[in-house]
Peer 1: 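First the structure, then my questions, so here it is.
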Amino acid sequence: MKTQKNTMDNKRVVIKVGTNVMTNKDNRILGPVLNELVRQIAELYENNVSPILVSSGSAIAGMEVLGDCKATDPSTRRQIFSSVGQPRMMRHYYSLFHDYGMRCAQVLATKRDFAPGKHRENMINCYEGLINEGIVPIANEDDAVSLKMSMFSDNDELASLVAELTNADALILLTDTDGLYTGHPDDDDSEKLDKVNVEENVEQYVQASEKSEGEGRGGMKSKLKIAKATAKKNIPTFIANGKRKNVIVELLEGKDIGTKFYA
């Protein structure tokens, strides 16, 4: 960890973990994946890095409990599943962080909280207070009360806004692929792009993806857009495979994994 201490000492890193990272093909939440995520966050903290976690998964966690619900309206279904699943996700995280001698806190937000004014100032005070206490903030959209017109496009957008709000030194978007490829990741002739300048036209490489209910809203197209926008604000942004062991630590050590976006 010597390299990380030199490059990331007293820095802030926002880590976003998507639903497709924390679930298997049957949309069941994977305990070992969450444990590995928290283990790495604990390692960062020991090396004087302040981690902020943006976590998806509440809708899936709620669906695991309920199976289904009577509501037919998609927004209402999302509210129900997320409301049931959010405390379940926090129970997972509370227990895991406790095992590593750490504390975590839930920070739920709607898009209006990031608009200039008192809501934004209040959010900044909350994050600064938690970080100064050595508590790991865990952010998610407040799905129970978010109006459709003011919802985040996905948690990638939320993570970018949190990174900007907290003056983060890096944003890591964890997904189920190793980074941005020149074609479909499974194609033999596709190559992973190690570094992308925000001015490069790489949108042509992005594949459309279909997602089912509860799986999350952010695909690679969204991640690419958010990664470029965040990097333009001088916050280096990474897209990497969240199921790869030690991925966060190795990214911050400068290992050649994932795709780095820079201005």
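As the structure is a prediction and not an experimental result, all values here were calculated from the model.
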Peer 1: CD1 of I135 to CD1 of I138: how many Å apart, nearest 0.5 Å?
Peer 2: 11.0 Å

Peer 1: Between E199 and K228, does any NZ, NE, NH1 or NH2 come within less than 4.0 Å of an OD or OE carboxylate oxygen?
Peer 2: no

Peer 1: In terms of side-chain geometry, is the basic nitrogen of E250 or R244 positioned less than 4.0 Å from the acidic oxygen of its partner?
Peer 2: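 The answer is yes: the pair qualifies as a salt bridge.
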
Peer 1: Are the side chains of R28 and T23 in touch, meaning some heavy atoms are under 4.5 Å apart?
Peer 2: no

Peer 1: Can you name the closest pair of heavy atoms from V202 and V196 and give their distance?
Peer 2: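 Heavy-atom minimum between the residues: CG2-CG1, 4.0 Å.
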
Peer 1: Rounded to the nearest 0.5 Å, how far apart are CG of N246 and NZ of K255?
Peer 2: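 One finds 7.5 Å between CG of N246 and NZ of K255.
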
Peer 1: Under 4.5 Å between any side-chain heavy atoms of Y45 and P51, yes or no?
Peer 2: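 Counting from C-beta outward, Y45 and P51 do come under 4.5 Å.
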
Peer 1: Give a yes-or-no answer on whether the side chains of Q86 and N140 include a donor-acceptor pair shorter than 3.5 Å.
Peer 2: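 Looking only at side-chain atoms, N140 and Q86 do form a donor-acceptor pair, the distance falling under 3.5 Å.
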
Peer 1: Looking at N155 and L158, would you say the former's side chain and the latter's main chain have a donor-acceptor pair under 3.5 Å?
Peer 2: no

Peer 1: I need the minimum non-hydrogen distance between T19 and S56, along with the two atoms involved.
Peer 2: OG1-CB, 3.4 Å

Peer 1: Hey, are the side chains of L44 and I15 touching, using non-hydrogen atoms and a 4.5 Å cut-off?
Peer 2: yes

Peer 1: Indicate yes or no for a side-chain donor-acceptor contact from E141 to the backbone of L108 under 3.5 Å, with no hydrogens or angles considered.
Peer 2: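 The answer is no, because no donor-acceptor pair under 3.5 Å joins these two groups.
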
Peer 1: Is any side-chain N of the basic residue among R12 and D169 closer than 4.0 Å to the acidic one's carboxylate O?
Peer 2: no

Peer 1: Donor-acceptor pair, D187 side chain versus S190 backbone, under 3.5 Å?
Peer 2: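 Here the side-chain-to-backbone pair does not exist.
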
Peer 1: List the steps, then state whether side chain to side chain contact (heavy atoms under 4.5 Å, CB included) holds for V136 with R103.
Peer 2: CA-CA 6 Å; V136 178; R103 298 167 296 172; over 6 Å; no

Peer 1: Enter the distance from L193:CG to Y181:OH here, rounded to the nearest 0.5 Å.
Peer 2: 9.5 Å

Peer 1: Answer yes or no: is there a side-chain heavy-atom contact under 4.5 Å between P185 and D178?
Peer 2: no

Peer 1: Determine the minimum heavy-atom distance between L37 and L53, stating which atoms define it.
Peer 2: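 What the structure gives for the nearest pair is CD2-CD1, 4.0 Å.
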
Peer 1: When you measure from the side chain of S82 to the backbone of R78, do you find a donor-acceptor pair of N or O atoms at a distance under 3.5 Å?
Peer 2: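 Side chain of S82 to backbone of R78, a donor-acceptor pair under 3.5 Å: yes, one is there.
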
Peer 1: Side chain of R120, backbone of A115: donor and acceptor closer than 3.5 Å?
Peer 2: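 No, because the side chain of R120 does not come within donor-acceptor range (under 3.5 Å) of the backbone of A115.
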
Peer 1: Looking at V14, V247, I239, L252, which hits side chain to side chain contact (heavy atoms under 4.5 Å, CB included) with I172?
Peer 2: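 It is L252, the one option of V14, V247, I239, L252 that forms the side chain to side chain contact (heavy atoms under 4.5 Å, CB included) with I172.
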
Peer 1: Ignoring hydrogens and angles, tell me if any N or O in the side chain of E164 forms a donor-acceptor pair with the backbone of K233 under 3.5 Å.
Peer 2: no

Peer 1: Does K192 reach the main-chain N or O of G258 with its side chain, forming a donor-acceptor pair under 3.5 Å?
Peer 2: yes

Peer 1: State plainly whether the residues D113 and K111 are in salt-bridge range, i.e. N to O under 4.0 Å.
Peer 2: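 Judged by the 4.0 Å cut-off on N to carboxylate O distance, D113 and K111 do not form a salt bridge.
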
Peer 1: Just so I know, are the side chains of Y262 and P236 near enough to count as touching, which here means a heavy-atom distance under 4.5 Å?
Peer 2: no

Peer 1: Show, in sequence, the C-alpha distance, side-chain angles and deciding distance for I131 and I52, and conclude whether the side chain to side chain contact (heavy atoms under 4.5 Å, CB included) test is met.
Peer 2: CA-CA 8 Å; I131 291 167; I52 300 165; 3.8 Å; yes

Peer 1: Can you check whether A163's main-chain N or O pairs, donor with acceptor, with N167's side chain at less than 3.5 Å?
Peer 2: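 No, because the side chain of N167 does not come within donor-acceptor range (under 3.5 Å) of the backbone of A163.
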
Peer 1: Measure across F81 and C69 and return the closest heavy-atom pair with its distance rounded to 0.1 Å.
Peer 2: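 Heavy atoms of F81 and C69 come nearest at CZ-SG, 3.9 Å.
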
Peer 1: Anything under 30° is parallel, anything over 60° is perpendicular, the rest tilted; go ahead and classify H98 against Y94.
Peer 2: parallel

Peer 1: Take atom CG of D188 as the centre, draw a 6.0 Å sphere, and report whether it contains more than 12 heavy atoms from other residues, nucleotides or ligands.
Peer 2: no

Peer 1: With the 4.5 Å side-chain cut-off for hydrophobic clustering, are V198 and I226 part of the same group?
Peer 2: no

Peer 1: Under 3.5 Å, side chain of R77 to main-chain N/O of A71, donor-acceptor pair present?
Peer 2: yes

Peer 1: Within the 4.5 Å heavy-atom criterion, are I248 and L174 side-chain neighbours or not?
Peer 2: yes

Peer 1: Between the side chains of T110 and D142, is a donor N or O closer than 3.5 angstrom to an acceptor N or O?
Peer 2: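 The answer is no; no qualifying pair exists.
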
Peer 1: Measure the shortest side-chain to side-chain distance between L165 and F114 over non-hydrogen atoms and say whether it is less than 4.5 angstrom.
Peer 2: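 SC-SC contact between L165 and F114 confirmed.
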
Peer 1: If you look at every heavy atom in L224 and L180, which pair is closest and at what distance?
Peer 2: CD1-CD2, 4.1 Å

Peer 1: Kindly compute the distance separating CD (E46) from CG (N48), expressed to the nearest 0.5 Å.
Peer 2: 8.5 Å

Peer 1: What I want to check is whether the side chains of T230 and S160 have a donor and an acceptor closer together than 3.5 Å.
Peer 2: yes

Peer 1: Tell me, with the steps shown, if L251 and I257 meet side chain to side chain contact (heavy atoms under 4.5 Å, CB included).
Peer 2: CA-CA 7 Å; L251 273 176; I257 57 175; 3.7 Å; yes

Peer 1: Taking all atoms of both residues into account, what is the closest heavy-atom pair of T182 and D189, and its distance?
Peer 2: OG1-O, 4.2 Å

Peer 1: Report the C-alpha distance between R39 and E36 in whole Å, list the side-chain angles of each, state the deciding distance to 0.1 Å, and finish with yes or no for salt bridge (Lys or Arg N to Asp or Glu O under 4.0 Å).
Peer 2: CA-CA 5 Å; R39 183 198 67 76; E36 170 63 7; 2.9 Å; yes

Peer 1: Begin with the C-alpha distance, continue with both residues' side-chain angles, and end with the deciding distance and a verdict on side chain to side chain contact (heavy atoms under 4.5 Å, CB included) for K243 and L30.
Peer 2: CA-CA 10 Å; K243 290 185 177 178; L30 298 167; 4.2 Å; yes

Peer 1: Drop me the distance from S55's OG to K16's NZ, to the nearest 0.5 angstrom.
Peer 2: 9.0 Å

Peer 1: Is the closest side-chain heavy-atom distance between N24 and I29 below 4.5 Å?
Peer 2: no

Peer 1: Return yes if some donor-acceptor pair links the side-chain N/O of N47 with the main-chain N/O of V49 below 3.5 Å, else return no.
Peer 2: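 Here the side-chain-to-backbone pair does not exist.
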
Peer 1: Once rounded to the nearest 0.5 Å, what's the spacing between atom NZ of K118 and atom CD of E121?
Peer 2: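 Spacing of NZ (K118) from CD (E121) equals 8.0 Å.
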
Peer 1: My understanding is that only one of N125, I124, L130 makes a side chain to side chain contact (heavy atoms under 4.5 Å, CB included) with E128; could you say which?
Peer 2: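 That would be I124.
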
